[in-house]
Amino acid sequence: MKKRLIKSRPKQRLLLFASLYTLSACASSGGDSKPWEVPTSVTNDRQGTEVTYPAKGNGNYIVETPVVLDVPPETKLHLLTALKHNPAIKIAQSRQSEAIANKDNLDAGFMPQVDIGARTSRSRNGNEDTTSAASTRQVTKGSVDLRIPIDVFGQRSAASEAAGYLVLQTTADLEDTRLGVMRDVLVSAIDAAEQSQLQILNARQLETNRTSEKLTKLRYTKGRANIVDVLQQKDLVASLKQEAPALQVGRRNALDALSLLAGKMPGSVEMESFKELPAIPDTQVYVSPYGLLNSRPDMRALKAGLDAADSRLAAAIRNRLPSFEFSSSAVATLASGDMSSVISGTLSAVFTLFDGGAKKAAIRAERAALAERGAVYIQAWLSAVVEVDGLLAEKKRRAVEYDLAVARLDNARKLHSAAERRYRLGASDYLPVLSAKRTIEQQERSLLSLRASLMRARVRLHTAMGGEIGTTTTAETVLLSANAETTATGI
């Protein structure tokens with residue numbers, strides 16, 4: 001909070017400082033236990049436990065420059081398209097331009113204002129009842145007016161400072177909108193690829209269960225199975241058939257979400273896009289809770305809004321003081337060949353003696369708005385901490401579940417190989433082989449869903465910590481873009 005020439009009520013200002021101090025203290029408390037940082041080593045001995053954390057400045061710790069998440073070229077192409085055509089980004093850009101224009105307008109008020117005017121008149125005097133000739137008079141006047149505002153008590157400076165903070169706020173809002181759009185593009189791409197892979201696995205499962213149904217019916221005709229086994233197989237086949245339309249609709253919805261993010265009509269993204277899950281690396285972005293205030297663009301926007309409210313309060317307080325202005329004018333008159341000129345200068349001061357309490361009410365309103373902004377800022381920070389904490393736990397859980405699913409899939413494949421060997425040796429029929437194959441397909445499906453969930457958790461955690469998403473154009477991205485434009489134009 002910056003110092004002001006005219007201070008507000010001490011109790012209100014002290015309350016705001018106390019709130020911000022509490023925020024800082026909560027973020028920096030905890031001693032050696034640094035939240036969210038993964039220790040590089042933990043040593044236990046008789047003297048106690050020694051925990052070593054990553055040093056600041058390495059590639060896995062945010063200090064000033066966030067870690068950039070790199071994505072595949074196909075996904076990067078859709079990111080670039082969304083950044084160019086997304087309506088929400090265009091709205092944020094317009095708001096930023098409006099804030100910059102308002103700031104320039106207020107800054108122009110500090111400059112002298114010069115008005116130049118000219119006027120000419122012609123009059124004719126005569127008497128129709130006499131024989132005297134009429135007289136004609138022409139008067140030409142030119143004037144130059146100069147007005148210079150004198151910001152003695154900083155009313156205009158405070159208003160300009162508030163406008164400057166609004167520029168920072170809209171800039172951070174634009175960055176937050178861009179980051180949110182890129183996050184949603186990645187999540188929608190993962191959703192579309194997941195549904196595509198699920199469709200393939202569903203077709204495999206359907207084929208396997210149809211074969212199992214035929215064998216079960218054959219065993220039933222030979223008295224080696226009962227009607228319950230046949231009905232169970234029929235139900236499994238019907239259940240898989242029932243899933244197919246839902247998977248198709250889910251993929252269509254994910255592709256339509258990509259079209260919407262790119263500012264296009266539904267169906268603009270080809271059905272052949274995103275057949276495979278995009279490779280989302282684990283960037284290992286770790287930042288302290290207090291660091292979220294600087295790494296997240298939405299928190300920077302709220303901080304700029306808080307500073308703007310503080311500046312508006314200072315401007316409202318200073319508006320109670322006199323305002324000064326220097327004005328000067330020069331008038332030159334040319335009448336009937338005679339030239340005359342008048343030059344004047346004026347220093348004016350305006351002080352509101354009585355306004356019915358309007359300016360005091362304005363100060364109370366700005367003070368309440370400042371307190372509200374401070375409370376919103378702290379609440380948003382706490383929500384961000386809870387969000388990141390939850391996403392960290394989710395990513396860790398998904399990673400553990402994924403590793404366990406990989407192990408189960410490996411075990412299912414070994415079981416399938418063993419069942420095939422027994423079948424070839426004549427130790428069993430083909431049903432155990434089909435059962436083991438169904439287990440493999442079910443584990444592959446589970447593994448796919450867990451991998452997609454892990455990818456989504458990585459993306460959301462990365463953006464929640466304020467990490468950037470790479471959109472640097474590469475040669476492969478340019479080639480994909482050219483192919484897309486060729487397909488769209490039909491050339």
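These numbers come from a predicted model, not from an experiment. This chain uses plain numbering: 1 for the first residue, then up along the sequence.
K103 places none of its side-chain heavy atoms less than 4.5 Å from the side chain of L166. Residues Q233 and L236 have side chains in contact (heavy-atom distance under 4.5 Å, counting atoms from C-beta outward). Side-chain contact check for L302 versus M299: some heavy-atom pair is nearer than 4.5 Å. Looking only at side-chain heavy atoms (C-beta outward), P266 and L260 stay at 4.5 Å or farther from each other. Here the side chains of E468 and L69 are not in contact, with every heavy-atom distance at 4.5 Å or above. Contact annotation: the side chain of E444 approaches that of L409 to within less than 4.5 Å [non-hydrogen atoms, C-beta and beyond]. Residues F274 and H78 have side chains in contact (heavy-atom distance under 4.5 Å, counting atoms from C-beta outward). Looking at T439 and H416, their side chains never come closer than 4.5 Å, going by heavy atoms from C-beta outward.
Taken from CG in D298 to CD in Q169, the straight-line distance is 11.5 Å, to the nearest 0.5 Å. Annotation: the span from D256 atom CG to M265 atom CE amounts to 10.0 Å, rounded to 0.5 Å. Summarising the geometry, atom CD1 belonging to I378 is positioned 12.0 Å from atom OG belonging to S383; distances are rounded to the nearest 0.5 Å. Rounding to the nearest 0.5 Å places CG of L392 at 4.5 Å from CG of L461. A distance of 5.5 Å separates CZ of R204 from CG of L201, quoted to the nearest 0.5 Å. A distance of 7.5 Å separates CG of L454 from CG of D282, quoted to the nearest 0.5 Å.
A salt bridge is absent between D176 and R300: the closest approach of a Lys/Arg side-chain nitrogen to an acidic carboxylate oxygen does not fall below 4.0 angstrom. Using a 4.0 Å cut-off between charged side-chain N and carboxylate O, R438 and E441 make no salt bridge. At a threshold of 4.0 Å, the pair D307-R373 does not count as salt-bridged, since none of the basic side-chain nitrogens sits closer than that to a carboxylate oxygen.
Of the possible polar contacts, none joining the T75 side chain to the V71 backbone as a donor-acceptor pair under 3.5 Å is found. Under a 3.5 Å cut-off, the side chain of W381 and the backbone N or O of L292 do not form any donor-acceptor pair. Panel note: side chain T177, backbone A92; no donor-acceptor pair is recorded below 3.5 Å. A distance-only check finds a donor-acceptor pair linking the side chain of T463 to the backbone of R460 [under 3.5 Å]. Proximity of a side-chain donor or acceptor of S453 to a complementary backbone N or O of S449 within less than 3.5 Å is detected.
Between Q442 and Q205, the side chains place a donor N or O and an acceptor N or O closer than 3.5 Å (distance only, hydrogens not considered). D229 and T216 share no donor-acceptor pair across their side chains, judged by distance under 3.5 Å alone.
Within the structure, side-chain hydrogen bond (donor to acceptor under 3.5 Å, both in side chains) contacts touching residues 80-98 (residues at least two apart or in different chains) are Q96-T171.
Heavy-atom minimum distance, N226 versus Y220: C-CD1, 3.6 Å. Residues S196 and R251 share a closest heavy-atom pair of CB-NH1, 3.4 Å. L431 approaches S212 most closely through the heavy-atom pair CD2-OG, 4.0 Å. In terms of heavy-atom proximity, S188 sits nearest to L261 at OG-CD1, 4.0 Å. Between G267 and S259, the shortest heavy-atom distance links the atoms N-OG, 3.9 Å. Between L447 and A405 the shortest heavy-atom distance is CD1-CB, 3.6 Å.
Enclosure of atom CZ in R219 by more than 12 non-hydrogen atoms of other residues, nucleotides or ligands within 6.0 angstrom is indicated. Around CZ of R422, the count of heavy atoms belonging to other residues, nucleotides or ligands within 6.0 Å does not exceed 12. For Q379, the CD atom counts as loosely surrounded, since its 6.0 Å shell holds 12 or fewer non-hydrogen atoms of other residues, nucleotides or ligands. For Q248, the CD atom is loosely surrounded, since the number of other residues' heavy atoms within 6.0 Å does not exceed 12.
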>> Could you walk me through whether L255 and R252 satisfy the side-chain contact (heavy atoms from CB on, under 4.5 Å) test, starting with their C-alpha distance in whole Å, then the side-chain angles of each, then the deciding distance to 0.1 Å, before giving a yes or no?
In response: CA-CA 5 Å; L255 294 177; R252 180 73 270 172; 3.5 Å; yes
>> R398 vs E401, test: salt bridge (charged side-chain N to carboxylate O under 4.0 Å, His left out). Steps then yes/no.
In response: CA-CA 5 Å; R398 296 297 184 187; E401 291 176 346; 3.5 Å; yes
> Step by step, would you call I200 with Q197 a side-chain contact (heavy atoms from CB on, under 4.5 Å)?
Replying inline: CA-CA 5 Å; I200 296 174; Q197 292 295 309; 4.2 Å; yes
>> Working note: R296 + E387, criterion salt bridge (charged side-chain N to carboxylate O under 4.0 Å, His left out); need CA distance, chi angles, decisive distance, verdict.
In response: CA-CA 12 Å; R296 286 178 60 121; E387 178 189 5; 3.2 Å; yes
> Please walk me through it: do K222 and L218 pass side-chain contact (heavy atoms from CB on, under 4.5 Å)?
Replying inline: CA-CA 7 Å; K222 295 181 179 181; L218 181 61; 4.1 Å; yes
>> Using the rule given for side-chain contact (heavy atoms from CB on, under 4.5 Å), can you reason through L231 versus D235, listing the C-alpha separation, both sets of side-chain angles and the distance that settles it, and then say yes or no?
In response: CA-CA 6 Å; L231 292 177; D235 183 68; over 6 Å; no
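Residue E194 forms a salt bridge (Lys or Arg N to Asp or Glu O under 4.0 Å) with just one option from R456, K275, R445, and that option is R456.
Partners of Y430 under the ring pair (Phe, Tyr, Trp, His ring centres under 6.0 Å) rule, at least two apart in sequence or in another chain, are Y423.
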